[in-house]
2 protein chains.
Amino acid sequence: MESTNENVRSQMRKGVLEYCILCILSKREAYASNIIEELKAANMIVVEGTLYPLLIRQKNQGLLTYRWEESTQGPPRKYYGITEKGRAQLAEMDAAWQEMVESIDTLKR
Amino acid sequence: MESTNENVRSQMRKGVLEYCILCILSKREAYASNIIEELKAANMIVVEGTLYPLLIRQKNQGLLTYRWEESTQGPPRKYYGITEKGRAQLAEMDAAWQEMVESIDTLKR
DNA sequence: ACAGATACTTTGCAATACAAAGTACTAAAA
DNA sequence: TTTTAGTACTTTGTATTGCAAAGTATCTGT
């Protein structure tokens with residue numbers, strides 16, 4: 001019976017990960033490994049197979065852009081940055097997140 | 001292009017709804033309409049087609065039980081209540097929720 | 001009997017997170 | 001030069017979820 005614990009957290013992450021990505025990229029450009037590190041530092045574990053498709057989705061929606069940059073330590077990296085549209089979406093998600101936190105608060109009462 | 005607004009909220013609800021149900025039922029027994037009312041009062045809109053399958057899932061997992069009760073205003077109602085296992089799961093989810101709130105806080109910094 | 005209200009159920013769909021396997025590029029070792 | 005290890009990115013298949021919409025069942029009042 002593998003950790004229902006992790007399963008609970010995994011389910012809760014749904015729909016919030018997009019928000020996390022925008023939060024991170026709103027502060028600075030980053031490539032996938034940077035993002036995974038930052039998420040890990042915030043206790044929000046994510047694996048490559050989750051992150052890459054997510055970045056591509058957000059890029060296709062016009063929320064992100066990217067540029068290639070050479071690396072001295074391996075293949076070139078895709079550095080992602082947030083667009084104006086992405087910032088608008090982030091504002092929307094900030095509001096949605098706040099509302100949800102308040103909803104749970106209300107229910108806990 | 002229909003309200004991306006609602007879509008954002010809908011995605012964020014994923015995985016949190018189960019938590020909400022357990023919160024509500026940890027305080028008192030309730031049948032579906034009660035639960036929907038309470039969710040609506042907390043600004044967390046949910047429709048029947050979402051709630052019923054969810055209650056059935058949680059019952060099958062042993063987190064909930066139910067009993068039929070006659071009504072003076074229509075067909076009998078299924079009153080759901082939380083089980084011991086459900087309370088354990090709720091505690092797990094409380095922790096997971098707290099962690100996620102902290103994670104987002106960290107990322108916002 | 002029938003109509004309307006209430007309550008519960010089922011079906012089909014789109015979106016998500018993940019594991020796992022695969023592709024591509026670079027630098028250092030053999 | 002060829003091979004190996006490391007890094008980075010991509011793709012595929014699966015299970016779970018939330019939802020709209022349509023369907024079934026029960027009760028009450030006319």
Side-chain angles (χ1 to χ4, degrees), chain A residues 2-21 30-37 39-40 44-61 63-64 66-80 93 96 100 103, chain B residues 1-21 29-37 39-40 44-61 63-64 66-80 93 96 100 103:
Chain A
E2 46 139 340
S3 166
T4 125
N5 201 309
E6 235 335 283
N7 197 16
V8 163
R9 280 163 178 73
S10 166
Q11 286 309 324
M12 273 197 185
R13 276 195 285 270
K14 289 202 181 193
V16 178
L17 265 182
E18 272 197 45
Y19 179 42
C20 293
I21 305 308
Y31 77 109
S33 293
N34 290 152
I35 297 175
I36 289 179
E37 273 170 39
L39 287 172
K40 198 175 290 182
M44 181 85 87
I45 307 302
V46 175
V47 294
E48 283 186 326
T50 298
L51 183 61
Y52 282 103
L54 203 155
L55 289 171
I56 291 168
R57 274 205 302 276
Q58 292 189 309
K59 196 256 311 173
N60 289 340
Q61 290 172 1
L63 308 178
L64 305 180
Y66 68 79
R67 60 182 173 74
W68 287 100
E69 183 166 309
E70 298 297 320
S71 162
T72 60
Q73 295 270 343
R77 300 166 175 176
K78 248 183 177 175
Y79 276 82
Y80 283 91
M93 288 183 142
M100 207 164 74
S103 291
Chain B
M1 123 136 153
E2 45 141 340
S3 167
T4 124
N5 199 309
E6 235 336 283
N7 199 13
V8 164
R9 281 163 178 72
S10 164
Q11 285 309 324
M12 274 198 185
R13 275 196 285 272
K14 288 203 181 193
V16 178
L17 266 183
E18 272 199 44
Y19 178 41
C20 293
I21 304 309
E29 286 190 328
Y31 77 109
S33 294
N34 290 152
I35 297 174
I36 289 180
E37 273 171 38
L39 287 171
K40 197 175 292 180
M44 180 86 84
I45 307 302
V46 175
V47 294
E48 285 188 326
T50 299
L51 183 60
Y52 281 103
L54 204 155
L55 289 171
I56 291 168
R57 276 206 300 276
Q58 292 189 309
K59 195 257 311 176
N60 290 340
Q61 289 172 2
L63 308 178
L64 306 179
Y66 67 78
R67 60 181 173 78
W68 287 100
E69 183 168 310
E70 299 297 319
S71 162
T72 61
Q73 296 269 340
R77 299 165 175 176
K78 250 183 175 175
Y79 275 82
Y80 282 91
M93 288 183 140
M100 207 164 76
S103 292

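What you see below is based on every heavy atom in this structure, not just the backbone, and it leaves out hydrogens, waters and symmetry mates. The sequence lines fix the lettering, A, B, ..., with proteins before strands; numbering per chain opens at 1. Quantities reported herein were computed from a predicted structural model and do not represent experimental measurements.
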Between CE on residue B:Met44 and CZ on residue B:Arg13, distance to nearest 0.5 Å: 7.0 Å

5' precedence on DNA chain D between B:Gln73 and A:Gln73 (nearest-nucleotide basis): A:Gln73

Between C1' of D:dT11 and CG of A:Leu51, the distance in whole Å: 15 Å

Closest-nucleotide 5' rank along DNA chain C - winner of B:Gly49 and A:Thr72: B:Gly49

Distance test, side-chain N/O of B:Tyr52 to OP1/OP2 of C:dT9, below 4.0 Å: no

5'-most by nearest nucleotide on DNA chain D - A:Lys14 or A:Tyr31: A:Tyr31

Gap between atoms CG and P, on B:Leu17 and C:dT16 respectively (whole Å): 16 Å

Contact under 4.0 Å: A:Arg77 side-chain N or O vs C:dT26 OP1/OP2: no

Point-to-point distance, once rounded to the nearest 0.5 Å, from CG of B:Leu64 to CD of B:Glu29: 10.5 Å

Atom-to-atom span, CD of A:Gln11 to P of C:dA15 - whole angstrom: 18 Å

Rounded distance in Å - CD (B:Glu48) to C1' (D:dT24): 13 Å

Separation of A:Lys14 NZ from A:Thr50 OG1 (nearest 0.5 Å): 10.0 Å

Short side-chain N/O contact to C:dA17 OP1/OP2 from A:Ser10, under 4.0 Å: no

From NZ (B:Lys78) to OH (B:Tyr66), nearest 0.5 Å: 4.0 Å

Along DNA chain C (nearest heavy atom to each residue), the more 5'-positioned of A:Glu70 and A:Leu54: A:Leu54

Separation of C:dA15 P from A:Ile56 CD1 (nearest whole Å): 16 Å

Value in whole Å for how far the C1' atom of D:dT17 lies from CD of A:Glu18: 15 Å

Separation of atom CE in B:Met12 from atom C1' in C:dA15, rounded to whole Å: 15 Å

Nearest-nucleotide pick for A:Pro76, side chain only, options being C:dA7, C:dA17, C:dC25: C:dC25

Sugar-phosphate, base or nothing in reach of A:Ser71, heavy atoms under 4.0 Å: nothing

Phosphate contact (C:dA17 OP1 or OP2) by A:Arg9 side-chain N/O below 4.0 Å: no

B:Asn34 side chain to B:Tyr31 backbone, donor-acceptor under 3.5 Å: yes

Which nucleotide in C:dC18, D:dA8, D:dC19 has an atom nearest any side-chain atom of A:Thr50: C:dC18

side-chain N/O B:Arg13 vs D:dC19 OP1/OP2, d < 4.0 Å: yes

Distance in angstrom units between A:Leu55 CG and C:dC18 P, rounded: 14 Å

Euclidean distance, B:Arg9 CZ relative to A:Met93 CE, rounded to 0.5 Å: 10.0 Å

Proximity to the side chain of A:Pro75 - top-ranked nucleotide from C:dA7, D:dA8, D:dC9: D:dA8

